[in-house]
There are 2 protein chains.
Amino acid sequence: MARRANTTTKPSPQDLDARRATILEAVVVEHIKTAQPVGSSSVAATVDLAVSPATVRAEMVTLEREGYLVQPHTSAGRVPTDKGYRYFVDHLKSGALGSAQQHQVKEFFANVRGEVEDVLEQTSTLLTQLTSYTSVVVGAGHSHSSILSVQLVNLDARHQLLVSVFSDGSVVKHSIIASFDVTHEEVAEASKQLNALLINTTLETRVQVPSRSDHVATLVREAVSVLHAEKPTTDGEQVFIGGSSRVAEVFQGVETVRKVLSILEQELLVVSLVQDILDQGLSVAIGSENGYEPLSACAVIVAQVTIDGEPAGAVGLLGPTRMKYREALAAAQVVSEHLTRRFGGDESHA
Amino acid sequence: MARRANTTTKPSPQDLDARRATILEAVVVEHIKTAQPVGSSSVAATVDLAVSPATVRAEMVTLEREGYLVQPHTSAGRVPTDKGYRYFVDHLKSGALGSAQQHQVKEFFANVRGEVEDVLEQTSTLLTQLTSYTSVVVGAGHSHSSILSVQLVNLDARHQLLVSVFSDGSVVKHSIIASFDVTHEEVAEASKQLNALLINTTLETRVQVPSRSDHVATLVREAVSVLHAEKPTTDGEQVFIGGSSRVAEVFQGVETVRKVLSILEQELLVVSLVQDILDQGLSVAIGSENGYEPLSACAVIVAQVTIDGEPAGAVGLLGPTRMKYREALAAAQVVSEHLTRRFGGDESHA
DNA sequence: GTTGGCAGTCGGTAGAATCGAGTGCTAACA
DNA sequence: TGTTAGCACTCGATTCTACCGACTGCCAAC
């Protein structure tokens, strides 16, 4: 399934001449390593093409004309464009994780305990440690889960708490403010009716609420409406971001750092960013591909997590366009597989 | 209560000579405004002391000797030290919020809806908008709250979910993995027993668990132990950080930005930072006062939120030592009061 | 005690000179 | 035709110098 990095459909990967491809790759690799423009002689040296710098130069002119490379200025080496990185990534043979890191991942998943949320949060830390990039872990919403139990609890006569448990193990609470004093008996009765009404439904199911105007019926109506009003938010998606300080390590300009951070602050935006990338069928979005101008200096890697074959979240990594794609892809891949295994088909989630 | 900014007890505010105090204040104000070292003539101009720069100079020498000011280098103006800021803050007449901002706060609290967590999170955004600094909102843990209800829910035969509702309106879930298949009847029975056992206790109460070895008793024991194991974490404290991107606006060095961000990433650390400051009886910690070396370029402002007179959280602002103390203090103060009012004595929390 | 005057310090900036990495072009070569 | 060596050229980066200007500290006069 992951023979090579998942690719695009749109910039049909019109294969480059073999030599040109080699040169492009060399430029990308070198630039990722050094962050400097790379020149023809350096390429000629690293690559086993047995050609002179002059020839490389000629090819680089072509590559530049075709938009894979740019010169920051005359008399500098070349730097890959987004298109250049794209080609590189599309033709990247997926590598494995270093064995130390593989060990770390195994170790981690063998030892994490706690609720799903805790695991996801810690996973984001793991990802950031593995790669030195900022990580994003998105947990799916529960809009498709069915309700296992709802319970109304009296905080005091005027305040009730509706606690709903979903089949995916998530628990949601909603405050209800009554316009009249509510007795414990009424709460208990409302709770009972709510259970009868809602168990095994999903948030998308429309239910028939009682139209009477007594206390209990009013409570029930209120509870159902407040529960179903859940949707407009991110429909329960959870976002965990790890290592935002890595942003400051990886970009040199304070202004870039600021822009990227302020994107990361907006969880809804992060969710849709990840979702957009997945929707495009990509596993990597490079520079402008991600659609957010402030992130044009970034590349984003995503890998989906599935439960019973259904998409149920994703892990992501955010770095500079000159990120270490192979390692980062491997890390995202491996971690998402582990998550899929833990929460997916089998029942062994601890 | 807030006639002047809450002060220290330790660096006994040995009052400075009135003129020196004026000069120090002028330096601080000017430096906060310009971020530049400020020179004697500039001070002489801004201040109504009717003295010449030379005199100011003489005083500044004293102030420097006493540790309130430093020169970045010979032939530069002076910059306040932490001690200088401390004096300034201790003698700051607390100002009011600008009327536009006052309006914004009122508006905000008139319109926020949703659960406590949502309100706190949005409050952190509000604070950051009011001040342009990074904000921290800490919600108290529920270790002192009593349990209103516990419920065990069957996810499947081997997995149960313990859902606990506390008197402060918080809801906590815990997964339980059974080593045997559990029937719905057993879960219901365990649930009943748990309620009998735990209602009106707090997490600190030790309870007598059944010692029998049947399924129900085992479930009950497991549930109680998992619930009481809660403590080691931050005992349920919630942290919301708003505007981390402001860090990049406010500090120029990427390295500083990185260090500060990586502190902010560690929620426990943030909680104890805030707690430490409150424990010292401070409302502002300047530079090294906060005890974290990476934050030595920062000042932290905190204001407590109380419920029924009991400390129940705090709001904080983090900026550079040259932050706009008056405005930031006012903002923190006002917001914390609004929170206190909302969640505190009266019953109007919507 | 205050002040004007003055020499001295030192960072910051502007300009010139230099360096060197890397290019594009061209002519020769296989 | 493709490849290569050679070469002139470009242009950012670095270094150096000179200089300016913002301050200070000190001192003598008020």
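Residue numbers begin at 1 in each chain, while the letters A, B, ... track the order of the sequences.
- At a cut-off of 3.5 angstrom, the base of D:dT10 holds at least one donor-acceptor pair with the side chain of A:Ser75.
- Using a 4.0 Å heavy-atom cutoff across all strands shown, A:Ala44 reaches no nucleic acid atom at all.
- D:dA22 atom P lies 14 Å from atom CD of B:Glu30, rounded to whole Å.
- With no hydrogens or angles considered, a side-chain donor-acceptor pair links B:Ser52 and B:Thr55 at under 3.5 Å.
- Considering only heavy atoms from C-beta on, A:Gln101 stays 4.5 Å or farther from A:Val334 through its side chain.
- Side-chain atoms of B:Ser52 stay outside donor-acceptor range of the base of C:dT3, with no qualifying N/O pair under 3.5 Å.
- Put simply, CG on A:Leu63 is 12 Å from P on C:dT23, counting in whole angstrom units.
- The shortest distance between the side-chain N/O atoms of B:Arg78 and the OP1/OP2 oxygens of D:dA22 is not below 4.0 Å.
- Here the P atom of nucleotide D:dT24 and the CZ atom of B:Arg65 are 15 Å apart, to the nearest Å.
- Taking side-chain N and O atoms only, A:Ser40 has a distance below 4.0 Å to OP1 or OP2 of C:dT23.
- Look at CZ on A:Arg19: it is 8 Å from C1' on D:dG2, rounded to the nearest Å.
- Here the P atom of nucleotide C:dG11 and the CD atom of B:Gln36 are 15 Å apart, to the nearest Å.
- Looking at B:Arg57, its side chain has no donor and acceptor atom pair within 3.5 Å of the base of C:dG1.
- The side-chain heavy atoms of A:Glu30 and A:Val43, taken from C-beta on, include no pair separated by under 4.5 Å.
- Rounded to whole angstrom, the span from the CE atom of A:Met60 across to the C1' atom of C:dG24 amounts to 12 Å.
- Using a 4.0 Å cut-off between a side-chain N of Lys or Arg and a carboxylate O of Asp or Glu, A:Arg86 and A:Asp82 do not qualify as a salt bridge.
- At whole-Å resolution of the value, CG in B:Leu49 and C1' in C:dT3 are 15 Å apart.
- Ring geometry, A:Tyr85 versus A:Tyr325: the interplanar angle falls from 30° to 60°, so the pair is classed tilted.
- Computed from coordinates, the B:Glu59 CD to C:dT3 P distance equals 11 Å when rounded to whole Å.
- Across D:dT4, D:dC11, C:dC10, the shortest atom-to-atom separation from the side chain of B:His73 is found for C:dC10.
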